[in-house]
**Student:** 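Please see the structure below; I have some questions.
Bear in mind the structure is a predicted one, so any value in this text is a computation, not a measurement. Scope of the values below: all heavy atoms of this structure, side chains included, with no hydrogens, waters or symmetry mates.
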Amino acid sequence: MNVYAIIILTALLAEYLLSLISDLLNLRALSDRLPREFEDVYDAEDYQRSQQYTRDRTRFGILTSSIQLAVLLAFWHLGGFNLLDLWVRELGYGALVTGLLYIGSLVLASSLLSLPFQIYSTFVIEERYGFNKTTPWTFVTDLLKGLALGVVLGGILLGGILWFFQTLGAQAWIYCWLAASAWTLFIQLIAPTWIMPLFNKFERLEDGELRESIMNYAHHVDFPLQNVYVMDGSRRSSKANAFFMGFGKRKRVALFDTLVEKQSVQELVAVLAHEVGHYKRRHITQNLIISLLHMGLLFFFLSFFLSEPGLFEAFYMDQVSIYAGLLFFGLLYSPIELLLSIAMQALSRKFEYEADAYAAQTYDAQALVSALKKLARQNLSNLTPHAFYVFLNYSHPPMLKRIRALRTR
């Protein structure tokens, strides 16, 4: 076992142990005592259901990650990466097609491995707590649509990256960065109007008090809003949410129909004010810039290790190839990715506080507090997460902390 194998194995085990420790701490942090702030939205029975939901999801997550890690380690140390490489090479295609087949086969195998866990999560755990509204037909068509998009969109990007590294030498990482950045911006541009409607229906919010209130608020804060959409989230889950995505004339604010059903007009406008806060505070632009810079950093480091013989020896490979190097570098890069992920989670939590503050300043802090409490109840959110679990996993601050921050506004 060479130094690359030791680094990758240590990183995989360390990341697994960190996740396991945070999960166990999070389970220990569960409290039978309902926080006073939520006494007006939870009764004792519902609060216990939320606690048990967290336990079930966490334990299932531990089982899933344990099996997936075991399969990866077994595949690695039994020479699976090399055997697959020998097989795709025997098909006799060129380097580009061979690379696409190699990576595509591993992605497909990984998807098939995760499929039973997805089925159990959706049709057993989510069903048990009344969340699941997905029919088997919807589940299957979602998988097929996702597969088709992955093949088309992912295949185009991956093919371009392989071609650049195979033909342009030392400067290839720059062209990969530029191409991947342009591709990311293109997907962001078309997603609201072309990709997302493949999975959900988006209907213009009908005229009435809610639409009038939202448009009045948008005009008040000088937010260029042409339409608000209601998404049929109830087609898959009873959980509620709202989101903002896209940019320019194609940006879209969408409210889940499950959110509209449970919240008052004031609460819904407060939720939208939070989403507008992300736009006004330029969080979307900042996240995009950081994402593009991160992409450049990844390609820069990749250029140093893509054909490193020791990296291929770590995976028992007979031959060096660009396509296998992409995968192996991803595993080698995982410690840096973990650190960057933690930093991005912290930044995301900061952005959420800022968006909350914007909604409180421009609309109504109490209405947002009420909306957040209802969301927590509707989604059976964990009200007492452990700080270490939040540090590793939360893109949003815990509900109690968000509410306490709003109380000071």
**Student:** For the residue pair Trp173 and Phe300, categorise the inter-ring angle as parallel (less than 30°), tilted (30 to 60°) or perpendicular (more than 60°).
**Tutor:**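 Ring orientation of Trp173 relative to Phe300: perpendicular.
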
**Student:** Is a donor from one side chain sitting under 3.5 angstrom from an acceptor on the other, for Tyr389 and Asn382?
**Tutor:**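 No.
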
**Student:** Specify the closest pair of heavy atoms between Ser234 and Lys133, including all atoms of both residues, with the distance to one decimal.
**Tutor:** O-CB, 3.1 Å

**Student:** Would the Phe81 and Trp76 ring centres measure less than 6.0 Å apart?
**Tutor:** no

**Student:** Hey, mind stepping through Leu375 and Gln263 against side chain to side chain contact (heavy atoms under 4.5 Å, CB included) and telling me if it holds?
**Tutor:** CA-CA 9 Å; Leu375 272 174; Gln263 305 268 1; 3.9 Å; yes

**Student:** Is it true that the side chains of His294 and Glu337 contain a donor and an acceptor less than 3.5 Å apart?
**Tutor:**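 Yes, a side-chain donor-acceptor pair sits under 3.5 Å.
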
**Student:** Could you tell me whether a side-chain N or O of Thr184 sits under 3.5 Å from a main-chain N or O of Ala180, the two making a donor and an acceptor?
**Tutor:** yes

**Student:** Looking only at heavy atoms, which two atoms of Ala191 and Pro197 are closest? And how far apart?
**Tutor:** O-CD, 3.9 Å

**Student:** When the aromatic ring centroids of Tyr4 and Phe328 are compared, is their separation below 6.0 Å?
**Tutor:**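 They do not qualify: ring centres at least 6.0 Å apart.
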
**Student:** Pick out which of Gln266, Arg407, Glu267 makes a side chain to side chain donor-acceptor pair (under 3.5 Å) with Gln366.
**Tutor:**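 Going through Gln266, Arg407, Glu267 one by one, the side chain to side chain donor-acceptor pair (under 3.5 Å) with Gln366 is satisfied by Arg407 alone.
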
**Student:** Parallel, tilted or perpendicular, judged at 30° and 60°: which one describes the rings of His220 and Tyr217?
**Tutor:**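 Correct class here is tilted.
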
**Student:** Taking the side chain from Trp177 and the backbone from Leu292, do they hold a donor-acceptor pair closer than 3.5 Å?
**Tutor:**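 Confirmed, Trp177 side chain pairs with Leu292 backbone.
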
**Student:** Are more than 12 heavy atoms from other residues, nucleotides or ligands located less than 6.0 Å from atom NZ of Lys374?
**Tutor:** yes

**Student:** State, to 0.1 Å, how close Val320 and Ser307 come at their nearest heavy-atom pair, and which atoms those are.
**Tutor:**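 The answer is CG1-CA, 4.0 Å.
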
**Student:** Among pairs that include at least one residue of residues 15-27, which meet side chain to side chain donor-acceptor pair (under 3.5 Å), considering only residues two or more places apart or in two chains?
**Tutor:**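 Sorted result for residues 15-27: Tyr16-Ser66.
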
**Student:** Parallel, tilted or perpendicular for Phe351 and His283, by the 30°/60° rule?
**Tutor:**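 Aromatic pair Phe351/His283 classed parallel.
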
**Student:** Has Lys280 got a side-chain atom pairing as donor or acceptor with Val221's backbone, closer than 3.5 angstrom?
**Tutor:** yes

**Student:** How would you list, by chain and number, every residue that makes a side chain to side chain donor-acceptor pair (under 3.5 Å) with Ser114, sequence neighbours excluded?
**Tutor:** Gln118

**Student:** For a quick check under 3.5 Å, do Ser121 and Arg57 share a side-chain donor-acceptor pair by atom type?
**Tutor:**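 Looking only at side-chain atoms, Arg57 and Ser121 do form a donor-acceptor pair, the distance falling under 3.5 Å.
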
**Student:** Just by distance, with hydrogens left out, do Glu352 and His278 show a side-chain donor and acceptor under 3.5 Å apart?
**Tutor:**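 A pair is found: one side chain offers a donor N or O, the other an acceptor, under 3.5 Å apart.
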
**Student:** Would you tell me whether Glu126 and Tyr53 have side-chain atoms, one donor and one acceptor, within less than 3.5 Å of each other?
**Tutor:** yes

**Student:** Asn132 and Glu127: side chain to side chain donor-acceptor pair (under 3.5 Å), yes or no, with the steps?
**Tutor:** CA-CA 5 Å; Asn132 180 49; Glu127 185 78 28; 2.8 Å; yes

**Student:** Measure the spacing between CZ of Phe131 and CD of Gln378 and express it to the nearest 0.5 Å.
**Tutor:**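 Going from the CZ atom of Phe131 to the CD atom of Gln378 covers 8.0 Å.
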
**Student:** Between Arg49 and Glu45, is there a side-chain N and carboxylate O pair less than 4.0 Å apart?
**Tutor:** no

**Student:** Using salt bridge (charged side-chain N to carboxylate O under 4.0 Å, His left out) as the criterion, list what pairs up with Arg402, not counting sequence neighbours.
**Tutor:** Asp356

**Student:** Donor-acceptor pair, distance only, cut-off 3.5 Å: does the side chain of Thr54 make one with the backbone of Ser50?
**Tutor:** yes

**Student:** Show every donor-acceptor pair shorter than 3.5 Å between a side-chain atom in residues 94-101 and any protein atom, with sequence neighbours excluded, or say none if there are none.
**Tutor:**
{"residue": "Thr98", "atom": "OG1", "partner": "Tyr93", "partner atom": "O", "Å": "3.2"}
{"residue": "Thr98", "atom": "OG1", "partner": "Gly94", "partner atom": "O", "Å": "2.7"}

**Student:** Pairs in or reaching into residues 103-116: which pass salt bridge (charged side-chain N to carboxylate O under 4.0 Å, His left out), with residues at least two apart or in two chains?
**Tutor:** none

**Student:** Please tabulate, for side-chain N and O atoms in residues 146-170, each donor-acceptor pair with protein atoms closer than 3.5 Å (sequence neighbours left out).
**Tutor:**
{"residue": "Thr167", "atom": "OG1", "partner": "Trp163", "partner atom": "O", "Å": "2.7"}

**Student:** Measure the spacing between NZ of Lys239 and CZ of Arg236 and express it to the nearest 0.5 Å.
**Tutor:** 14.5 Å

**Student:** Taking all heavy atoms of Met399 and all of Ala376, pick out the closest pair and write down the distance.
**Tutor:**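 Closest heavy-atom pair between Met399 and Ala376: CG-CB, 4.1 Å.
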
